[in-house]
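Only one structure is covered here, and it is reproduced in the block below.
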Amino acid sequence: MAKAIHSMIRVLDEARSVDFYSRAFGLAIADRFAFDGFTLIYLRNADADFEVELTVNHGRTEPYALGDGYGHIAFAVDDLDAEHARFVDVGLNPNPIKEFFREGALLAKFFFVTDPDGYKIEVLQKHGRYR
């Protein structure tokens, strides 16, 4: 069986991105590997083994063009309303909370936030299939 272990995104400024993911999701650096042309930074928290891999290409000065292929990464939380309020309090500018219903039942309650490089991140209430 396969196990998902990380999702990689390219970032322009390591410190800015590490700060964002720390404040937003409590992710901390699990490993950091510097190479000649790039650095890999693996972020995780104690709640999951899945990691966000930040790739910093040395010498890059222009923001990455995300194109029209990137969708989003998602995090599930125990208390969405409290997390949304916390995001507002720490200046992360989350979008408003939304709810999706299917056949009259709540399917998902969520909000989106954008990281410093423009990546969209969905934050979902733990519920149903989103655990």
Pairwise distance CZ(Phe35) to OG1(Thr55) - rounded to 0.5 angstrom: 10.0 Å
Donor-acceptor contact present, side-chain Arg32 to main-chain Ile29, <3.5 Å: no
Phe101 CZ: over 12 foreign heavy atoms closer than 6.0 Å: yes
Hphob cluster co-occupancy, Leu27 + Ile73, side-chain heavy atoms under 4.5 angstrom: yes
Same apolar cluster: Val52 and Tyr70, side chain cutoff 4.5 Å: yes
Closest non-hydrogen atom pair, Asn95 against Phe111: O-CB, 3.4 Å
Sidechain N-carboxylate O distance under 4.0 Å for Asp79, Lys126: no
Gly26 backbone acceptor or donor facing Arg23 side chain under 3.5 Å: no
Plane angle bin for Phe110 and Phe112 - parallel if under 30°, tilted between 30 and 60°, otherwise perpendicular: perpendicular
Hphob cluster co-occupancy, Val56 + Met8, side-chain heavy atoms under 4.5 angstrom: no
Val90 reachable from Phe75 in the ILVMFWY side-chain graph, under 4.5 Å edges: yes
Side-chain heavy atoms of Leu124 within contact of Leu80, under 4.5 Å: no
N/O donor-acceptor pair under 3.5 Å between Arg86 side chain and Val88 backbone: no
Nearest atoms (heavy-atom pairs only) where Pro94 meets Phe87: CG-CB, 3.7 Å
Sequence neighbours excluded - salt bridge (Lys or Arg N to Asp or Glu O under 4.0 Å) pairs with any residue from residues 92-112: Asp81-Lys109
Glu14 CD to Asp19 CG distance, which is reported to the nearest 0.5 Å: 12.0 Å
Distance-minimising heavy-atom pair for Gln125 and Asp78: NE2-O, 2.6 Å
Single-linkage hydrophobic cluster Phe50~Val18, side-chain heavy atoms < 4.5 angstrom: yes
Can you give each donor-acceptor pair under 3.5 Å made by side-chain atoms of residues 113-122, sequence neighbours left out, with the distance rounded to 0.1 Å?
| unit_1 | atom_1 | unit_2 | atom_2 | d |
| --- | --- | --- | --- | --- |
| Thr114 | OG1 | Lys120 | NZ | 3.2 |
| Asp115 | OD1 | Asp117 | N | 2.8 |
| Asp115 | OD1 | Gly118 | N | 3.0 |
| Asp115 | OD1 | Tyr119 | N | 3.0 |
| Asp115 | OD2 | Tyr21 | OH | 2.7 |
| Asp117 | OD1 | Leu12 | N | 3.0 |
| Asp117 | OD1 | Arg16 | NH2 | 3.4 |
| Asp117 | OD2 | Ser17 | OG | 3.2 |
| Tyr119 | OH | Arg10 | N | 3.2 |
| Tyr119 | OH | Arg10 | O | 2.9 |
| Glu122 | OE1 | His72 | NE2 | 2.8 |

Closest non-hydrogen atom pair between Tyr130 and Ala108, with its separation: CE1-CB, 3.7 Å
Under 3.5 Å donor-acceptor pairs involving side-chain atoms of residues 38-47, not counting sequence neighbours:
| unit_1 | atom_1 | unit_2 | atom_2 | d |
| --- | --- | --- | --- | --- |
| Thr39 | OG1 | His58 | NE2 | 2.7 |
| Tyr42 | OH | Glu53 | OE1 | 3.3 |
| Arg44 | NE | Glu51 | OE2 | 2.9 |
| Arg44 | NH2 | Glu51 | OE2 | 2.8 |
| Asn45 | OD1 | Asp47 | N | 2.9 |
| Asn45 | OD1 | Ala48 | N | 3.4 |
| Asn45 | ND2 | Phe25 | O | 3.2 |

